[in-house]
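Sequence positions, counted from 1, serve as the residue numbers for this chain.
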Amino acid sequence: MKVTGTGPFGVNTLTVPLCDGYVFIVDPACCEYCGDEDVITDWLKDNSLIPAAVILTHGHFDHVAGLKSLRKSYPDIPVLIHREDSDMIGPDSRILQSKDLSLMGFFDFIPSVSDLPAADGFLEDGKTPADSFNFNLPEKVIASIAEWKVIHTPGHTKGSVCLYNDRQKLLISGDTLFYMSWGRTDLTGGSETEMRSSLRRLRECISPDALVYPGHDRFAFKMSENY
């Protein structure tokens with residue numbers, strides 16, 4: 001798992017290995033505004049890796065700003081997100097993104113998250129990213145994608161998700177779960193009640209030995225460290 005800090009708030013953009021040189025990218029935040037527009041695409045090319053998909057744990061501006069850069073280099077790469085957050089990307093992305101950015105006084109970043117690529121598939125709870133899009137990839141690669149299960153974890157946003165690989169005991173938690181903390185619930189779509197419910201669900205269904213990769217801050221920690 002490759003972790004790269006990108007974007008204005010240091011999102012942990014993940015490059016997740018599949019097989020045969022394929023990977024998927026989680027939460028690309030690299031953009032022209034921050035001067036790191038090409039950091040992910042350059043690394044992929046330098047290491048001869050093929051991105052199979054972009055998977056978004058949620059739609060907040062700091063996790064999606066890199067979509068333009070990736071689509072510029074890989075025009076056919078599919079973008080997957082939960083339906084509840086899908087309005088945060090696409091041609092009308094400016095509408096919802098402007099609400100939170102205006103509240104934060106971060107007006108300069110609005111152009112970076114305007115007219116973003118739209119979703120190509122919608123992540124669903126209990127299913128895998130391979131169920132969300134008809135991938136034209138080798139069967140081995142699709143099977144590798146299908147090892148990752150989607151867990152819908154509303155609270156940070158309505159469409160927040162985590163990705164769990166039970167065989168490898170790996171959890172990609174986005175902004176739902178941080179080290180000894182969790183994501184804020186005061187922005188659009190946030191709910192403290194839903195967040196607490198989602199955190200309880202993760203404690204119940206994720207192995208305590210699982211290695212957690214959050215959306216910010218500490219790169220990785222054991223699930224048991226948050227008990």
Side-chain angles (χ1 to χ4, degrees), residues 1-7 11-34 36-94 97 111-124 127-150 159-163 165 170 172 174 213 215:
M1 188 91 70
K2 167 74 171 175
V3 184
T4 308
T6 64
V11 167
N12 291 337
T13 295
L14 305 178
T15 303
V16 183
L18 295 169
C19 62
D20 297 342
Y22 284 86
V23 298
F24 65 83
I25 309 300
V26 178
D27 293 350
C30 43
C31 57
E32 184 177 0
Y33 179 92
C34 297
D36 60 359
E37 182 178 14
D38 299 323
V39 66
I40 298 298
T41 54
D42 284 351
W43 190 83
L44 292 172
K45 292 170 183 175
D46 288 346
N47 289 275
S48 300
L49 297 173
I50 306 168
V54 176
I55 300 180
L56 303 174
T57 62
H58 63 290
H60 276 159
F61 63 91
D62 54 328
H63 287 250
V64 302
L67 290 178
K68 291 181 181 180
S69 174
L70 279 169
R71 270 288 176 81
K72 182 178 178 181
S73 294
Y74 302 98
D76 298 324
I77 191 171
V79 176
L80 310 179
I81 191 171
H82 194 278
R83 191 180 297 273
E84 291 277 5
D85 276 13
S86 60
D87 286 348
M88 294 184 178
I89 61 175
D92 297 324
S93 57
R94 181 187 184 95
Q97 299 292 357
S112 298
V113 286
S114 299
D115 301 313
L116 293 171
D120 298 290
F122 300 108
L123 303 169
E124 296 184 50
K127 296 188 177 181
T128 80
D131 298 317
S132 304
F133 183 77
N134 186 22
F135 288 98
N136 183 22
L137 296 170
E139 289 186 10
K140 284 176 59 179
V141 179
I142 296 175
S144 188
I145 296 172
E147 288 190 356
W148 291 89
K149 185 176 75 172
V150 176
S160 288
V161 301
C162 297
L163 299 170
N165 188 314
L170 297 175
I172 296 171
Y213 288 86

* Counting only heavy atoms not in K45, do more than 12 sit closer than 6.0 Å to its NZ atom? -> yes

* **CA sep, side-chain torsions, deciding dist, call: Y22, L137, side-chain contact (heavy atoms from CB on, under 4.5 Å)** => CA-CA 10 Å; Y22 284 86; L137 296 170; 3.6 Å; yes

* To do: Assign the ring pair H63 / H58 to parallel, tilted or perpendicular, where the plane angle (0 to 90°) is split at 30° and 60°.
  => tilted

* S69 side chain near E37 side chain, heavy-atom distance below 4.5 Å -> yes

* Between the main-chain N or O of G90 and the side-chain N or O of S93, is there a donor-acceptor pair closer than 3.5 Å? -> yes

* How close do A52 and L18 get, heavy atom to heavy atom, and via which atoms? -> CB-CD1, 4.1 Å

* For the pair I172 and W148, evaluate side-chain contact (heavy atoms from CB on, under 4.5 Å) and give the outcome as yes or no after the intermediate values. => CA-CA 10 Å; I172 296 171; W148 291 89; 3.8 Å; yes

* **Over all atoms of both residues, closest heavy-atom pair of L70 and L44** => CD2-CD1, 4.5 Å

* Asked: Does the side chain of T6 come under 3.5 Å of the side chain of D36 through a donor N or O and an acceptor N or O?
  -> no

* Output, in order, the C-alpha distance, side-chain angles, deciding distance and verdict of side-chain contact (heavy atoms from CB on, under 4.5 Å) for Y213 and N12. => CA-CA 8 Å; Y213 288 86; N12 291 337; over 6 Å; no

* Do the side chain of S144 and the main chain of V141 share a donor and acceptor less than 3.5 angstrom apart? -> no

* Asked: Can you tell if the side chain of K68 reaches within under 4.5 Å of the side chain of L116, non-hydrogen atoms only?
  -> yes

* Asked: Do the side chain of D27 and the main chain of T57 share a donor and acceptor less than 3.5 angstrom apart?
  -> yes

* To do: Give the C-alpha distance, both sets of side-chain angles, the deciding distance and a yes or no for side-chain contact (heavy atoms from CB on, under 4.5 Å) between L56 and V26.
  => CA-CA 6 Å; L56 303 174; V26 178; over 6 Å; no

* To do: Look at atom CG of N47 and say whether more than 12 heavy atoms of other residues, nucleotides or ligands are closer to it than 6.0 Å.
  => yes

* Structure fact -> Tightest non-hydrogen contact, residues F135 and A53, listed as CE2-CB, 3.8 Å

* Return the set of residues passing salt bridge (charged side-chain N to carboxylate O under 4.0 Å, His left out) with E147 (not counting sequence neighbours), or none when no residue passes. => R167

